[in-house]
Amino acid sequence: MRPLLLGVLGCSLLLSVEALYSPSDDVVELTPSNFNREVIQSDSLWLVEFYAPWCGHCRNLAPDWKKAATALKGIVKIGAVDADQHKSLGGQYGVRGFPTIKIFGANKNNPEEYQGGRTSQAIVDGAMNALRSLVKDRLSGKSGGSSYSRQSDGGSGGSSKDVVELTDDNFDKTVLQSDDVWLVEFFAPWCGHCKNLEPEWAAAASAVKEQTKGKVRLGAVDATVHQVVSSRYGIRGFPTIKIFRKGEEPEDYQGGRTRGDIIERALDLFSDNAPAPELVEILNEELLKSTCEGSQLCVIGVLPHILDTGAAGRNGYLEVMIKMAEKYKKKMWGWLWTEAGAQMDLESALGIGGFGYPAMAAINTRKMKFALLKGSFSENGIHEFLRELSVGRGSTATLGGGVMPKIHAVEPWDGKDGQLPVEEDYDLSDVDLDEDFEKDEL
């Protein structure tokens, strides 16, 4: 019995080491079983941290998160989700790295990303700003709740701003002729399972639209009213969900019915159909800004001078970056490159400093933080670097000065090998070198 007892104690000790929050804290521990009750159905403002126990940044945040929770007790709710253990809950809200903080305000189905600092004071300030905004909206009569609703008396069905109401008249043009991917629910207003799915479908629609930039859409058809399109696809039970892609036969949706399941499947569909992001040469400040704006990370490669590698060598490095952009396209990061020496202010801010090419940095332009590739500039090396960053394990630093450095306008690479500068010819025919040499000697 002793080995078994020791094993149990060992597991208990491991769990206690990993737990960042305890029942004695003012931070509410949230799980799939209590999240809907505590957060979604609540009238309170919530700040929720999605974390992983092994994440170093999460451990650093924990003391300030607890302190903020105590300061805001009775005013704003502070919660935490172990998204490593409850992956479905993290996926439901598009969590891709740790820690991620979301603000659940007026529209609980579409939380906002918290963009503030990570100190207790900054968290409290951010919470109070969000609370003031919530109260102002309520005073003006604005409602943040989903307007997606159906008539239980067999009416025409309904939609919210993000769930598209589909009919016999608009289905072909809206869905079949669209370049976007569609998940379409066929429902009956009297169907109990359809009513249970309604809030999940509405919440998923908002999240999917935002995370795929509208490239994957969710729609709904009242099959009791719009029988032409419903019979075309052989709808026999409710709810039935089908996936539509342009030029392909529709397929049955086989996933779960929670918003997390729906979002996960939608993101997979987006990843399958989305082109890889373009790898862009940094030619000016506006181009860098437009590529990085709206992206969680911007990945920048600093490649050796063309005279050091030639066109073949440079294209080899670019090919590696293109393959990584394809591999990580689901992240919707920005991808850029520049030649060594072309953007010296940028290199200086990143601490690259004129040697060690090729080099790579990943920049979060919203937080002005960056991380440098320490391993090899290869598919395996870059994959390991980006994988660590995406789960919150990478080592980061503040960008020099806390602002983006000056970006210089340069000419684009012409795709050719480099050429040494042509030296100016000097006419020495009228110079008597021997005579001058003799004079110098004297």
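Computed from heavy atoms alone, side chains included, the values below leave out hydrogens, waters and symmetry copies.
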message = Can you tell me how far apart CD (E185) and CG (L166) are? Round to the nearest 0.5 Å.
response = 10.5 Å
ask   = Tell me, do R259 and Y93 make a side-chain contact under 4.5 Å, heavy atoms counted?
value = yes
query = So, does D137 use its side chain to make a donor-acceptor pair with the main chain of L134 at under 3.5 Å?
reply = no
task = Would you confirm whether W182, through its side chain, and K242, through its main-chain N or O, come within 3.5 Å as a donor-acceptor pair?
result = no
key: Residue pairs passing the side chain to side chain donor-acceptor pair (under 3.5 Å) test where at least one lies in residues 359-382, sequence neighbours excluded   = K323-E379, K369-T398, S376-S378
remark   = Between A361 and L372, the two heavy atoms sitting closest are CB-CD2, 3.7 Å
request  = May I ask you to test the E29-P23 pair for a side-chain heavy-atom distance under 4.5 Å?
outcome  = yes
inquiry  = Are more than 12 heavy atoms, taken from residues, nucleotides or ligands other than K66, located less than 6.0 Å from that residue's NZ atom?
reply    = yes
Expected output: side-chain R314 to main-chain P304 donor-acceptor under 3.5 Å = yes
request  = Please confirm whether the backbone N or O of V181 pairs with a side-chain atom of R217, one donor and one acceptor, at under 3.5 Å?
outcome  = no
key: Spatial distance of atom CZ (R96) from atom CG (L267) [nearest 0.5 Å]   = 5.0 Å
task = Considering non-hydrogen atoms only, spot the tightest contact between R118 and L61 and give its length.
result = O-CD1, 3.5 Å
ask   = Who pairs with Y253 by ring pair (Phe, Tyr, Trp, His ring centres under 6.0 Å), at least two apart in sequence or on another chain?
value = none
query = Does the side chain of T31 come within less than 4.5 Å of L89's, by heavy atoms?
reply = no
inquiry  = For G105 versus L45, what's the shortest heavy-atom pair and its separation?
reply    = CA-CD1, 3.6 Å
inquiry  = Parallel, tilted or perpendicular: which one describes the rings of F171 and F244, with boundaries at 30° and 60°?
reply    = perpendicular
ask   = What heavy-atom pair brings V163 and A220 nearest, and what distance separates the two atoms?
value = CG1-CB, 4.0 Å
key: By salt bridge (Lys or Arg N to Asp or Glu O under 4.0 Å) - contacts of D261 (at least two apart)   = none
note = Closest non-hydrogen contact found for L307 with G418 is CD2-C, 3.5 Å
query = Does the side chain of K329 come within less than 4.5 Å of P277's, by heavy atoms?
reply = yes
ask   = Would the number of heavy atoms belonging to other residues, nucleotides or ligands and lying under 6.0 Å from CD of E251 be above 12?
value = yes
key: H408 backbone acceptor or donor facing Q343 side chain under 3.5 Å   = yes
query = Which distance, rounded to the nearest 0.5 Å, do you find between the CD of E319 and the CG of L279?
reply = 10.0 Å
task = Start with the C-alpha distance between L131 and I75, add both sets of side-chain angles, then the distance that settles side-chain contact (heavy atoms from CB on, under 4.5 Å), and finish with yes or no.
result = CA-CA 9 Å; L131 186 60; I75 304 170; 3.6 Å; yes
query = Which ring-ring contact (aromatic ring centres under 6.0 Å, His included) pairs, counting each pair once, include a residue from residues 332-351, with sequence neighbours left out?
reply = Y328-W333
request  = Give a yes or no answer on whether the side chain of D25 reaches the backbone of S22 with a donor-acceptor pair at less than 3.5 Å.
outcome  = yes
query = Can you list the steps and then say if E286 with K289 is a salt bridge (Lys or Arg N to Asp or Glu O under 4.0 Å)?
reply = CA-CA 5 Å; E286 184 58 35; K289 183 179 178 181; 5.3 Å; no
Side-chain (W201) to main-chain (L218) donor-acceptor, under 3.5 angstrom = no
D26 versus T70, side-chain donor and acceptor atoms under 3.5 Å = yes
task = Test side-chain contact (heavy atoms from CB on, under 4.5 Å) on L399 and V403 and set out the steps.
result = CA-CA 7 Å; L399 202 63; V403 296; over 6 Å; no
query = Taking only residues two or more places apart in sequence, or in another chain, which ones meet K215 in a side chain to side chain donor-acceptor pair (under 3.5 Å)?
reply = none
inquiry  = When you measure from the side chain of K327 to the backbone of H383, do you find a donor-acceptor pair of N or O atoms at a distance under 3.5 Å?
reply    = no
Pairwise distance CG(L72) to OG(S120) - rounded to 0.5 angstrom = 10.0 Å
request  = Please assess L197 against F187 for the test side-chain contact (heavy atoms from CB on, under 4.5 Å), listing each intermediate value before the final yes or no.
outcome  = CA-CA 10 Å; L197 177 61; F187 71 92; over 6 Å; no
ask   = Between C292 and L336, is a side-chain contact (heavy atoms from CB on, under 4.5 Å) present by the stated rule, with each step listed?
value = CA-CA 9 Å; C292 294; L336 304 113; 3.7 Å; yes
message = So does G117 get a backbone contact from the side chain of Y114, meaning a donor-acceptor N/O pair under 3.5 Å?
response = yes
inquiry  = Is it the case that the side chains of N129 and R132 hold a donor-acceptor pair, with the cut-off being a distance below 3.5 Å and no angle test?
reply    = yes
D162 vs K209, salt bridge (Lys or Arg N to Asp or Glu O under 4.0 Å): CA-CA, chis, key distance, verdict = CA-CA 7 Å; D162 295 323; K209 182 180 178 182; 3.4 Å; yes
message = Check the orientation of Y233 and F186. Use parallel for under 30°, tilted for 30 to 60°, and perpendicular for over 60°.
response = tilted
inquiry  = Any non-hydrogen side-chain atom of V320 less than 4.5 Å from a side-chain atom of I382?
reply    = yes
task = Drop me the distance from C55's SG to N60's CG, to the nearest 0.5 angstrom.
result = 8.0 Å
request  = Check whether any side-chain N or O of E281 sits under 3.5 Å from a backbone N or O of W413 as a donor-acceptor pair, and report yes or no.
outcome  = yes
Selection residues 303-324 - residue pairs positive for ring-ring contact (aromatic ring centres under 6.0 Å, His included), sequence neighbours left out = Y317-F377
inquiry  = Around atom CD of E248, are there more than 12 heavy atoms from other residues, nucleotides or ligands closer than 6.0 Å?
reply    = yes
message = Looking at K102, I'd like to know if its NZ atom is crowded, meaning that more than 12 non-hydrogen atoms belonging to other residues, nucleotides or ligands lie closer than 6.0 Å.
response = yes
message = Rounded at 0.5 Å granularity, tell me how far CD1 in I352 sits from OG1 in T338.
response = 9.5 Å
inquiry  = Looking at E113, I want to see if its CD is surrounded by more than 12 non-hydrogen atoms of other residues, nucleotides or ligands under 6.0 Å.
reply    = yes
task = Take atom CD of E411 as the centre, draw a 6.0 Å sphere, and report whether it contains more than 12 heavy atoms from other residues, nucleotides or ligands.
result = no
Closest non-hydrogen atom pair, A204 against I262 = CB-CG2, 3.7 Å
